[in-house]
Every structure is written in structure tokens, then in C-alpha cells.
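Read the structure below first, then the notes.
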Amino acid sequence: MEDDSANQIPPTDEINSMSINSQNGEGSSTSTPQMSVEEKFRLVRSIGEECIQEDELLNLLTKKPQPICYDGFEPSGRMHIAQGVMKAISVNKLTSAGCKIWIAVGMRTEGVEFLWSSEEINARADEYWPLVMDIARRNKLPRIMRCCQIMGRSEQDELTAAQILYPCMQCADIFFLKADICQLGMDQRKVNVLAREYCDDIKRKNKPIILSHHMLPGLQQGQEKMSKSDPSSAIYMEDEEAEVNVKIKKAYCPPKIVEGNPCLEYIKYIIFPWDKNFVVERSEANGGNKTFESYEELVADYEEGNLHPGDLKPSLSKAINKILQPVRNHFNDNADAMDLLKRVKGYRVTR
């Protein structure tokens, strides 16, 4: 996707203003208007469904113009739309607010430093592994096992020793990279809290701030999150137009019901932040075309029955396909990228 990264910045005035790229493509500290601390706080806070703690975040942004924000991807299969699109929106907000972001591996964008954790660990093993061991020795086994949901596991699963050690390693990453903010999903919350608890253990005053973003549900009824082992549960960044259309057509979308409706969540967390509106195309008999300028306006129509799933779904598919088309073009036009995609699709994903 790197060749099309410029095309992947959400095409709206608000999101474009979040990009730190200047017009000539080079990073520039003057490419966006200077923000007040309050404006930075509102922008950064808007990313998280939960923030621990808001007063600490405000204090950090006041005292440190360029805080370090930690994010990470585990290369465990195909990238779904939450990783590819929602993450782009969040990264643009953070860099606009002056944050420097460490991402283990993932999208390519200017103003973000990309690190392979294996390379960093091997280069500074004498720092990393004592930190991991110190976190491990200060915590009982049940506390570490409560963090296993970060790997898509539960405390009831039969865990390997490596899986038990993994939360200690992820916790160590936060301190190893000197992160001020942990910007991860709600499913990573427990290990981020572990990092704050570790600060208490070592009498460290400045704790990492936890900014936990919303988790998009799976497309089928009752799926709390997307699953890489179930391709029908998510839209993937390289899905073809026909695949997107079929997945959205089959998605759970009960009439007049907003809660637990994945189609509405896609619109709220992807389409509106990207396009600033949502366009419904329908026949005059069904009310004619309508452009919704806010999610609240759309929800009101949907709950009243003025917007039917049969009209919402095709419009959602069209909006998603417009966002994904530059990604498809990249894979179609780049032989190396296409070869890599084929290899990734050939891997067996178990969870």
C-alpha cells in the first residue's frame, strides 16, 4: 500500500488538516496550523473509547510538545479494514497533535517511525530481557493470565509457556520504547493496565496513558469482534468489489435496530470520519437519494424506519469500495505486492 499512501488520507478538510505531509511530500512541522493544548487534547481524546487518565493526558500534552505514542500490529494474517482504515484516521489525528508514533509493523505513512520488534530486541537485548523478567517476577501467574485476551485467548484456554510470557513482553515494549501513550484496542486494555501497575511496583511517577480505541464488531450477528479465521466476519483491505458487496449484503442489519448493528458501526467509525457524510442512493418511491451530514441524523432516520437496510447496505458497500480501490490498484499494479498477498492468503489463521 505504500505507493498509494497519499491517496489513503481521508479526503475531507478536517482529516486532510491532520496530515503532517506538506504539499511537496516532505514532512514539515509547519504543514498544519498550530493547535492549542485544548485542541490537541480534544483531538487525541476523540480516538479513544476509554482514556486512563484524562487529567494525565492533558498534563502530558501541556508539558511535552511531542509525546511518544506506542501502537503495534502483529503480522498474523490479512489486514482488515479496522487495521487499515481506522488506524490511518487515528494515526493522522495523533501526528497532527504532535505525537511521535512507534508502530511495530503495519501501514506506511510519513511522520511515523516503523520498527520491527525483533530487530529492536536483538539490538538492545541487554536492556529488553531484564525488563521482561522484572515484570514477570513482580506479578503472580493469575494476573498475567488475565492478560491473555490480548492474544485472542482466555484464562480457560490451555496456554503454552510462551503465551504466558507474551503479556510480560508486550508490557515491556511500552517502557522499552519510552512511550507516553499506549494507543491500542480495548482488547489490549488489561496489559496496558499491567504497565501502569508496574509503575506502582517500581515507584515510577509518570505512568503510560492508556487510550483504548473502539473495536469494530464482526459482520455477523453476535460477533463482538472481527475474526481473521472467519473471512465473512470482516472486510479486508484487499477484498475485491464483489466480495465487499456480498459480505455487506449478508451482514447482520436488523431494521430499526441500532444497538449491535455492525453495518451502522462501519458507517460511524469508518465512513463518517473518512467522508464526513454518508450518501444513500435509493429510488424515489423509497424516499429518493439523501446525504446524511451526521451519524445522529442517520440513526434517527434508521430507528424511525425511514431508512431501510435494503437501501443502506448498497450505499455502505459503495462507500467502502471507494476507500479500498487505491489499495486494490496497488496490488494489481505491483507484482511483488501481489506475490506477497498470495503468500499471506496461503497461511492458515487459527484465531
Test salt bridge (Lys or Arg N to Asp or Glu O under 4.0 Å) on Arg328 and Glu238; report intermediate values, then the result. CA-CA 6 Å; Arg328 299 184 190 118; Glu238 83 291 346; over 6 Å; no

Please report the shortest heavy-atom distance between Pro167 and Val191, naming the atom on each side. O-CG2, 3.4 Å

Taking all atoms of both residues into account, what is the closest heavy-atom pair of Lys247 and Asp239, and its distance? NZ-OD2, 2.8 Å

Do the charged groups of Asp200 and Arg196 touch, with an N to O distance under 4.0 Å? no

Does Phe278 have its ring centroid less than 6.0 Å away from the ring centroid of Tyr295? no

Answer yes if Leu316 and Val258 sit in the same cluster of Ile, Leu, Val, Met, Phe, Trp and Tyr residues linked by side chain heavy atoms under 4.5 Å apart, and no otherwise. yes

For the student: nearest non-hydrogen atoms of Phe176 and Leu131, plus distance: N-CD2, 4.0 Å

Tightest non-hydrogen contact, residues Leu312 and Cys263, listed as CD2-CB, 3.9 Å

Any side-chain donor-acceptor pair under 3.5 Å between Glu50 and His213? no

For a salt bridge (Lys or Arg N to Asp or Glu O under 4.0 Å) check, start with the C-alpha distance between Glu197 and Arg143, then their side-chain angles and the critical distance, and finish with the verdict. CA-CA 11 Å; Glu197 293 173 354; Arg143 177 64 185 91; 2.9 Å; yes

Between Asn139 and Asp201, do the side chains contain an N or O donor and an N or O acceptor separated by less than 3.5 Å? no

Any donor-acceptor N or O pair under 3.5 Å, side chains Asn329, Gln325: yes

Distance only, no hydrogens: is a donor on one side chain within 3.5 Å (strictly under) of an acceptor on the other, for Asp134 and Tyr198? yes

Less than 4.0 Å between a side-chain N and a carboxylate O, is that true for Glu281 and Lys318? yes

